Amino acid sequence: MNNDIEEKTEASASSSINFIKAIILDDLKTNKFNGIVHTRFPPEPNGYLHIGHAKSICLNFGLAKEFNGQTNLRFDDTNPSKEDVEYVESIKEDVKWLGFDWEDREFFASDYFEQLYQYAVQLINDGKAYVCSLSADEMKTYRGTLTEPGKESPYRNRTIAENLDLFERMKAGEFADGTYVLRAKIDMTSPNLNMRDPIIYRILKVSHHRTADKWCIYPMYDFAHGFSDMIEGITHSICTLEFENHRPLYDWLLEQVNVEHHPQQIEFARLNLNYTVMSKRKLLQLVQDGNVSGWDDPRMPTIAGIRRRGYTPDAIRNFAERIGVAKRDNVIDIALLEHSVREDLNKKSMRVMAVLKPLKVVIENYPDDLVEEMDAINNPEDPEMGTRKVPFSKVLYIEQDDFMETPSKKYFRLSPGAEVRLRYAYYVKCTDVVKDENGNIIEIKCTYDPLTKGGGSPDGRKVKGTIHWVSAKHAVKAQVRLYDRLFSVENPDATEEGKTFKDYLNPDSLIKLENCYLEPYLINAEKGDKFQFERLGYFCADPIDSEKNNLVFNRTVTLKDAWARIEKNQK
RNA sequence: UGCCGGGUCGUCUAAUGGCAGGACAACGCCCUUUGGAGGCGUCUGCAGAGGUUCGAAUCCUCUCCCGGCAGCCA
């Protein structure tokens, strides 16, 4: 066992050690928890998980895995007025999708309501808790302020018998919401407001999604959390920074009941991402106000949204690894997330050709009815993915952006007189431009060089540009949804006077293109299938809306675009 | 300004008294049948001032700056 720890110490030392790992390593050395590492992921089922939760999930499960420990999934369901089974289900789905397995350790704080109640009774019996009759407003006054101490409640010195009786009757449903609360008797003058006789139980005559109407008193977070950790044998209770001031209370509660196992709370800085918002309240508002199509809108930073967008679990886990874990506040550049998904999809995804904004091209010297099957490589990063045939014929579509009538200096795609390579097919030269009565280009006429089949030329002449295409008569039509960042400013939370975060929504965060042409291979694309549309980006068949005869693709992320930069710099 | 926490390249994050390193971003160059990928390179940083020390991002002192906390939410 000790050898294992030594090895683990060395193995971890070679990768990167964050401060939490350092604590665990130290605990293992001193045998603080008998060599055990047991973490938990404890969401409240009151909303959908977002990328910030993914950081926490990866942290908790990753740490346990690294040290041969276990991780529990525990729903922190102590406030039934906000919670719902819908959220329980979505959370389970999201954690599973990320690739983590809590095995049979699926727990609910509500599993412990009886035991928690007994701990509360014990506290009362020990003179460490009392029933208080102050109203919410009075309680606020008595609490004091950040700079002034609080005052003791006039009910603070009720007898144990009286407290026991009142608490029992609270539980029995004799009193209305808000009339009584159970408070820990600590110190009203504490500089830490959480220690000024915090409420540990309140009356809530609300049906609970699991215990229904069995209870009408519910423990507060602070009371339930530490005891739940203790009951489950959690060693390292990892949470975000805003709970730092709660740690003294966490520890105080566990000390009062003299438990044999005392978990350690460790706080880390939550994830912030630029160009988005992360608060559940704001996310909910976007959903309710119809700014997005739902919690799983591909523009949302929710796990469900990111999944629908076409991100992979590997990309998210790599991202979580890369951003690290520390205590300082941070804002991660969304470019890092995008990098992570490109990196993953680049290795895995099949390349196909798709034309999003079609421009008709007629190869004038190509036989009218000839169809040739061109060989195309499925993934240059992975030869094992093989090749496929792509039909080529006289009439094609190319991207409107791949033709420019009067090209700028560095533009080396198609233009009058210029020769380019049609990927995997032939060199073609533009001979004519057809326009409608308004002067819009509606068709390009080209000639091809029959000797360049496959894309190479026997005379060794070079062409600068290679563009993608689809054969008009073989093309499959599809809708393509181009997604971009939801907000047009880095920090939508920092609002100017008189504005809300919604004033910074990016009007172009979704562009739907209805007449896109895909190479015929894509006709069998299933929901969720991921592809690289060559030269454009990574796309995913929408897991909900895409159907066999009505294909819908979401753009996950664009390819890194050197041309966009050149264009920008020319201006 | 009560308590708690935090300040290292533009953004994240390492270095735990011994060469400030990595990733992303940016910018070059090379390569390329994706202006993709890849390769090579460049740039930029210890909040400030003192002190301890042979040696300080790291330890000490002071200053400055940022964040969290006054729900019967979590």
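Computed from heavy atoms alone, side chains included, the values below leave out hydrogens, waters and symmetry copies. In the text below, chain A, chain B and the rest are named by the order of the sequence lines, each starting its count at 1. Note that the structure is predicted; figures quoted are calculated from it, not measured.
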What is the nucleic acid contact for [X], judged by heavy atoms within less than 4.0 Å: base, sugar-phosphate only, or nothing?
X        : value
A:Gln532 : base
A:Tyr424 : base
A:Arg351 : base
A:Leu241 : nothing
A:Pro43  : nothing
A:Asp177 : nothing
A:Arg143 : sugar-phosphate
A:Val463 : nothing

Given [options], identify the nucleotide with an atom nearest to the side chain of [X].
X        : options             : answer
A:Val331 : B:A74, B:C69, B:C12 : B:C12
A:Leu559 : B:U11, B:G36, B:A74 : B:G36
A:Thr466 : B:A14, B:U34, B:C73 : B:U34
A:Pro380 : B:C72, B:U34, B:C4  : B:U34
A:Met220 : B:C69, B:G36, B:C72 : B:C72
A:Lys560 : B:G36, B:G67, B:U13 : B:G36
A:Glu44  : B:A23, B:C73, B:A14 : B:C73
A:Leu193 : B:G2, B:A74, B:G35  : B:G2
A:Arg535 : B:C24, B:G35, B:G6  : B:G35
A:Arg565 : B:C27, B:G68, B:U34 : B:C27

With rounding to whole Å, what would you report as the distance between [N] and [M] at their [atom1] atoms?
N     : M     : atom1 : answer
B:C4  : B:A20 : C1'   : 30 Å
B:G6  : B:A25 : P     : 30 Å
B:C12 : B:G17 : C1'   : 26 Å

Result for 5'-nearest mapping on RNA chain B, choosing between A:Asp333 and A:Leu422, is A:Asp333
Residue closer to the 5' end of RNA chain B, A:Glu244 versus A:Arg413 (nearest nucleotide): A:Glu244
OP1 or OP2 of B:U34 under 4.0 Å from side-chain N/O of A:His468: no
Side-chain N or O of A:Arg247 closer than 4.0 Å to phosphate OP1/OP2 of B:G5: no
Return the value, rounded to whole Å, for the distance between atom CG of A:Asp493 and atom P of B:G67. 13 Å
In this structure, how many angstroms lie between the C1' atom of B:U13 and the CD1 atom of A:Ile20, rounded? 14 Å
Tell me the partner of [N], counting only Watson-Crick (N1-N3 plus N6-O4 or O6-N4) or G-U wobble (N1-O2 and O6-N3) with both under 3.5 Å; none if nothing fits.
N     : result
B:A20 : none
B:U34 : none
B:A57 : none
B:G2  : B:C69
B:C29 : B:G39
B:C64 : B:G7

A:Arg143 side chain to A:Leu193 main-chain N or O, any donor-acceptor pair under 3.5 Å? no
Mark yes or no for whether A:His50, through its side chain, and A:Met278, through its backbone, hold a donor-acceptor pair below 3.5 Å. yes
Per salt bridge (charged side-chain N to carboxylate O under 4.0 Å, His left out), A:Glu519 is matched among A:Arg388, A:Lys389, A:Arg423 by A:Arg388
To the nearest 0.5 Å, atom CD1 of A:Ile20 lies from atom CZ of A:Phe268 at 6.5 Å
Rounded to the nearest 0.5 Å, what separates atom NZ in A:Lys185 from atom OG in A:Ser153? 10.0 Å
Is a donor-acceptor pair below 3.5 Å formed from side chain [X] to base [N], judging by atom type as modelled?
X        : N     : result
A:Arg421 : B:U34 : no
A:Arg328 : B:G5  : no
A:Glu490 : B:G10 : no

Parallel, tilted or perpendicular: which fits the ring planes of A:His225 and A:Tyr221, with parallel below 30° and perpendicular above 60°? tilted
Can a donor-acceptor pair be found between the side chains of A:Gln264 and A:Tyr250 at a distance below 3.5 Å? no
Answer yes or no: is there a side-chain heavy-atom contact under 4.5 Å between A:Leu559 and A:Glu534? no
Kindly label the base of B:G50 as syn or anti, based on whether its glycosidic torsion lies within 90° of 0. anti
